[in-house]
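Note that these values count all heavy atoms, side chains included, but never hydrogens, waters or copies made by symmetry. All chains are named by letter (A, B, ...) in the order of the sequence lines, taking the proteins before the strands, and each is independently numbered beginning at 1.
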2 protein chains.
Amino acid sequence: MAKVTIYDIAREAGVGIGTVSRVLNNHTSVTPETRKRVKEVARRLNYQPHTYAQRLARRQSETISAIIPFFTNYFFIEVLQGVQDRISQLGYDLVLYGVNNVDQVETHLSRALQRGKVDGILFFSMKLPEKIVARLRDAKLPMVLVDTVSPDFDSISVANVEGAYAATTHLLELGHRSVGMVNAQLVSTPALERLQGYRHALESHGITYSEGLVKTGSSNKQDGFNREAGYEAMEEFIEMGPDMPRAFFVSSDIQAMGAIAALTESGLRVPEDVAIVGFDDIELARHMRLTTMRQPMYQMGVLAIERLVARMSNPEMEILHTTFSPTLIVRESCGALRSSEGMPSVKSKQR
Amino acid sequence: MAKVTIYDIAREAGVGIGTVSRVLNNHTSVTPETRKRVKEVARRLNYQPHTYAQRLARRQSETISAIIPFFTNYFFIEVLQGVQDRISQLGYDLVLYGVNNVDQVETHLSRALQRGKVDGILFFSMKLPEKIVARLRDAKLPMVLVDTVSPDFDSISVANVEGAYAATTHLLELGHRSVGMVNAQLVSTPALERLQGYRHALESHGITYSEGLVKTGSSNKQDGFNREAGYEAMEEFIEMGPDMPRAFFVSSDIQAMGAIAALTESGLRVPEDVAIVGFDDIELARHMRLTTMRQPMYQMGVLAIERLVARMSNPEMEILHTTFSPTLIVRESCGALRSSEGMPSVKSKQR
DNA sequence: CATGCCTTTGGAAGTGCTTCCACAAGATGC
DNA sequence: GCATCTTGTGGAAGCACTTCCAAAGGCATG
């Protein structure tokens, strides 16, 4: 049971260590008989290669690390599922670095950057610190960004502007003229982009954008993509009284949950009194019948790995930015699925 | 930028490689001056140790792997968060193996078992295959089980029997005499144990246990711990007509979501017409105002790592089984928080 | 039958570290 | 002043593999 090395196999099978290695790695030029004999001995001795000796000698690690913030966020989980599935098909190891605060980005990145430690990095959702960019570039470590973008690296992301545009347009087409937005903190790129999309949609429908109709809760964990922030923002809207918008685009489903709670507590019903469209399509959204913009999270994970592997095998490959378009999932929170209540645009939508 | 080894440092600093290694590892007996000089050179050359060379020479990997099923289940995510936080404090690497089907258990376990690959394993929620137990024991690889139990290994789990007992008792104390149970598949140990707890509670309150009042949906993904299964099971109950129980213990929150949906679609209101208590306290439960049994998931993760590290440093340590007691979180789905409607037991509970 | 080529093989060198052993030099004791 | 101990240090050996090079053997060709 102790440790069996290729030397033991070589001795036992009466061959050289080179031959053993060749057999074990399915290399060329070994006669079928020798191959068979070596394999048999290896099995009999219950040989296990020593991973780190291999990695040292081969000068590659067969591992990929993922640097992820906000671990418990459903979005990451779902993407990670895709990552994990694809990665284990390919036989790589996945090592996970969870980031809880900004300092950890550097700590973990440095750790991943240790010479030879990983073959590639998946970097999620955070802004890349400038000094890190430089280090990464000369470390020549393949890296792909997921849910964030930088000109220097491959990226997989979602068309936030477009998605927000579609969500807002949906609300406008249902006949609403006053559409508010519950947003997350603007330090987050997705939040910024979704705001842009919202604004574009308004303007291309001939409605003036008004800052007063965009609110952000003060709860700032997960950059404001949390339930409490949604709750707080909606409370502010409710304080506006009768002038408050009757339709809202909310920058994430989880915030929408909070917003709906605030609404309900004030006696306002969704969708009868207020229409809501979210963003993400987390599992919760299905249960709550929330209309939302779906991001193809699982596929993003799969693609991220494929892109990373491609880059690893060809470092000179041109940098590729892939953007997925979110799709509108119409459920009940926007009123589109209910009887039309004299809104012509609904009818035409239902065809 | 290329590779700097300890030989480069040794040459540059005019010392031997042994000394360099000693400095880098904070070993004893190096004069302060030498130490300082070596450190300086190392910094100047931007030295990075080669992880795998270290691991090979030290004969330990400083990595822990987690073997986890049903990745997208909220329970695991939350536990994993605890695991991840503690692990990165300790400076270990976390490598993740997601199991999607039974075969993968062996594949991944074998991979983790590769000689020297990991220092310890966290094994989640699944029954350990017998033949694996033997292999693990003579591989002498430290392993701790989370959310599952075996006499041969340390484990961290939740008192399912006790929890189910408390949940059911809560319902009984609210005055219900006929309490049904929506369960998951009995292949799952938690499901079995929760059934026991339910039964005990009934019997110690003088109520006869009846098989007809326990139903399991046919949807068997995640061993029946899924929304559809809860929906199906509740549909069956509803078919009973007026005889159906008006209170249910459901073996997981996610099933409770399905059950509530089935109820609502049949015009039955929760908690006015039917009382529900779940199990887990996933995030969704809070949003849905579901009364449930909370498992301390994050802490379980933290403890799992601590236990594992303890075992790694002392393999002879006695095997320890830690069981957390779930706590009852009373929200609105059981009717306990509403006006008492002439139920004396409620009053006494409210004190 | 000699020559050349291809296939198969053994094992040295290499991967970059840790650790152990031996030795030098200075400190201490008598 | 000599023996003994201590402290700091260099570098060989070891960790378990891959890979390269040279050599041996087999075969066909003219």
Roughly, in whole Å, what's the span from [atom1] in [X] to [atom2] in [N]?
| X | N | atom1 | atom2 | value |
| --- | --- | --- | --- | --- |
| A:Lys117 | C:dG16 | NZ | C1' | 16 Å |
| A:Arg35 | C:dT7 | CZ | P | 15 Å |
| B:His50 | C:dG14 | NE2 | P | 18 Å |
| B:Ile17 | C:dT19 | CD1 | C1' | 10 Å |
| A:Tyr52 | C:dG16 | OH | C1' | 16 Å |
| A:Glu33 | C:dT9 | CD | C1' | 13 Å |
| B:Leu24 | C:dG16 | CG | C1' | 12 Å |
| B:Arg58 | C:dC20 | CZ | C1' | 16 Å |

C:dG14 base to A:Arg59 side chain: any donor-acceptor pair below 3.5 Å?
no

Applying a 4.0 Å non-hydrogen cut-off, can you work out what [X] is touching in the nucleic acid: base, sugar-phosphate, or nothing?
| X | value |
| --- | --- |
| A:Arg55 | nothing |
| A:Gln48 | sugar-phosphate |
| B:Ser21 | base |

Within the pair [X] and [N], is there a side-chain N or O less than 4.0 Å away from OP1 or OP2?
| X | N | value |
| --- | --- | --- |
| B:His27 | C:dT19 | yes |
| B:Gln54 | C:dG16 | no |
| A:Thr34 | C:dT8 | no |

Under a 3.5 Å threshold, yes or no: a donor from one side chain and an acceptor from the other, between B:Asn46 and A:Arg135?
no

Test A:Lys117 against B:Asp93 for salt bridge (charged side-chain N to carboxylate O under 4.0 Å, His left out), laying out the working first.
CA-CA 11 Å; A:Lys117 178 133 176 195; B:Asp93 277 347; 2.9 Å; yes

First and last nucleotide of DNA chain D, 5' to 3', lying under 4.0 Å from heavy atoms of chain B
D:dG8 to D:dC17

Any donor-acceptor pair under 3.5 Å linking the side chain of A:Arg311 with the backbone of A:Met317?
yes

Between A:Val15 and A:Tyr7, whichever has its closest DNA chain C nucleotide further toward 5' is A:Val15

Can you name the nearest heavy-atom pair linking B:Pro190 to B:Phe225, along with the distance?
CB-CZ, 4.3 Å

Could you say whether B:Arg22 or A:Gly18 is positioned toward the 5' end of DNA chain D, judged by the nucleotide with the nearest heavy atom to each?
B:Arg22

5' precedence on DNA chain D between B:Gly14 and B:Ala53 (nearest-nucleotide basis)
B:Gly14

Looking at side-chain heavy atoms only, is the closest gap between A:Leu128 and A:Thr148 below 4.5 Å?
no

Min side-chain heavy-atom separation A:Phe124-A:Pro69 under 4.5 Å:
yes

Looking at the side chain of B:Thr5, which of C:dC20, C:dG16, C:dT19 is the nearest nucleotide?
C:dG16

